[in-house]
Amino acid sequence: MHTKTIAELVIELREKKISSQELVQHYLNRIKKYEPQLNAFVTVLQEDVLNEEAKKADELRAQGHAKLLTGIPIAQKDLFCTKGVRSSCGSKMLDNFIAPYDATVVRQCQDAGMILMGKTNMDEFAMGSSNETSFYGAAFNPWDLERVPGGSSGGSAAAVAGRLVPVATGTDTGGSIRQPAAFTGVTGLKPTYGSVSRYGLIAFASSLDQGGPMTLSAEDAAIMMNVMSGFDPLDSTSVEREYGDFTQHLNRSLSGLKIGIPEEYFGPGLDPAVGAVVQEAIKEYEKMGAKIRSVHLPNNALALPAYYVIAPAECSSNLARFDGVRYGYRCENPKDLMDMYCRSRAEGFGAEVKRRVMIGTYVLSSGHYEALYNKAQCVRRLVQNDFNTAFEEVDIILGPTTPNVAFKKGEKVNDPVSMYLSDVYTVGVNLAGLPGLSIPAGFAHGLPVGMQLVGNYFSEDRLLNVGHQYQQVTDWHKRMPAHV
Ligand code: GLN
């Protein structure tokens, strides 16, 4: 059961080959068996609650009221607020936080009939690339338990790769859906900024954060986008438009598709074994009739430094609300108000979050604002312009998702810059607000390699079509990790 995609499970449920109760119990048994080694979850819902939900789903189906995804299990990244269920954001600060309302994404999944199995582990406040900054300890990569699953949506990636759930949500501020998807051999889509609601998503950097699905196939990502995308008046940056059916063009031919290969994505820093896998994938696309040409993203090298000014700036502002007063952690026996503010934050936040808050406060301070923050915003525009120029010539931009395969736990945790470099091909896409899809493209050093496809604004249906066609002629996305 657990090797099946959502698309396949939906048919099995419809044809009554399985019931939702069997499905939920099966995944729950897998969670019980593998969670001790993967640490993919912060919270798993109680067995009786899950059985009750599954039973309701089966009843709806028996009455002929089932929707497409009724009774399909899902896990939510622990920064999506879930009413009545702890939403910790991977932080001690919110370890005791039970959200009083559901995030729009959570509500959408519920309205679609999906069953919330649990909340996934993540880097604290989504700041990290390895899941090691989580207050709950790192999640592990099911391909190699000594390695990280990537981050910040590492728990979601490990849960889907480990087949503990058929789908999980992630969020991507600088690469946090695509990089862990690449490291664990799953499919991850970071949608166009504004197409998935941020309401109820605990904020890191609001102009960059975007939720999206992590699945076993591009087709499943399309199915999930039908659930998750849409205008939300509760999110001021939600884009009001017709989102359409993301599954509609999955089978479109790729003949004549123009794919651009940015030279900047194949420069020094790229592991040659990863590069070779992506070159093979490019050949596969040529066989399918795509036209390959080289493009340039000349400002790509500036994307990472600009991101590490803008994201911390927004983080310092967003995280100011965690002051020990309203919700979350409060230190014991404060001497006075200032002591409570200071100690609650000092004790509640981990080292990486503090580093970001300090950098962000610095770059926004008078005297540095013009020189650093404003400059980074100018660079952001240059990065965006590069993509706009490239998309005048090509439909899709293709490259590796990350320069390396999953690294060992502890390898980069004391070297933030080397950790930040694992997002060197992904952050530009966030700065520009574009959609990016990572799909498994093969293996290097025995570990999964992700290929990133970037499309123009709101071209997710094309992007998913290009991913789906590749998955029709390859089976990388079906390979099972060694440890589950
Ligand atoms: N790894 C990047 C960071 O640490 C991106 C995180 C994310 O996308 N949430 O900021």
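Indexing begins at 1, ligand by ligand and atom by atom, following the structure's order. All values reported here derive from a predicted model rather than from experimental measurement.
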Looking at non-hydrogen atoms alone, which of Gly174, Gly128, Ser152 comes nearest to atom 8 (O) of ligand 1?
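When every heavy atom of Gly174, Gly128, Ser152 is considered, Gly174 comes closest to atom 8 (O) of ligand 1.
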(Q) Considering Arg356, Gln210, Glu352 one by one, which has a heavy atom nearer to atom 4 (O) of ligand 1 than any of the others? (A)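 Shortest heavy-atom distance from atom 4 (O) of ligand 1: Arg356.
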Got more than 12 heavy atoms from elsewhere within 6.0 Å of [atom1], [X]?
| X | atom1 | value |
| --- | --- | --- |
| Arg479 | CZ | yes |
| Lys478 | NZ | no |
| Tyr362 | OH | no |
| Lys92 | NZ | yes |

*Looking at Asp172, which atoms of ligand 1 are within less than 4.0 Å of one of its heavy atoms?*
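Once the distances to Asp172 are compared, the set is 8 (O).
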Notebook entry, point to check: Which of the atoms in ligand 1, numbered in the order shown and given with their element, are less than 4.0 Å from a heavy-atom of Ala126?
Noted result: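 Under 4.0 Å from Ala126, ligand 1 has these atoms: 6 (C), 7 (C), 9 (N).
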Is there a nitrogen or oxygen of Thr171 sitting under 3.5 Å from a nitrogen or oxygen of ligand 1?
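There is no such contact.
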Is the ring centre of [X] less than 6.0 Å from the ring centre of [Y]?
| X | Y | value |
| --- | --- | --- |
| Phe407 | Phe183 | yes |
| Phe97 | Tyr327 | yes |
| Tyr101 | Tyr199 | yes |

>> Looking at ligand 1, would Gly175 count as a contact under a 4.0 Å heavy-atom criterion?
In response: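 Gly175: in contact with ligand 1 (<4.0 Å).
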Hey, does Tyr307 sit under 4.0 Å from ligand 1 if you only count heavy atoms?
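Yes.
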task = Run the numbers on Cys109 and Gln76 for side-chain contact (heavy atoms from CB on, under 4.5 Å), then give the verdict.
result = CA-CA 10 Å; Cys109 294; Gln76 299 281 356; 3.6 Å; yes
I need the contact type for Phe204 against ligand 1. Using non-hydrogen atoms and a strict under-4.0 Å cut-off, is it side chain, backbone, both or neither?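 The side chain, only.
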- Query: Is Tyr308 touching ligand 1 with its side chain, its backbone, both, or neither, if touching means heavy atoms under 4.0 Å apart?
  - Reply: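 For Tyr308, the contact with ligand 1 is made by the side chain alone.
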### Task
Note the single closest protein heavy atom to atom 1 (N) of ligand 1, along with its residue, its atom name and the distance in Å.
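Going by distance alone, atom 1 (N) of ligand 1 is nearest to Asp423 OD2, 2.5 Å.
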I need the nearest protein heavy-atom contact for atom 7 (C) of ligand 1: residue, atom name and distance, please.
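Looking at atom 7 (C) of ligand 1, the protein heavy atom closest to it is Ser176 OG, 2.4 Å.
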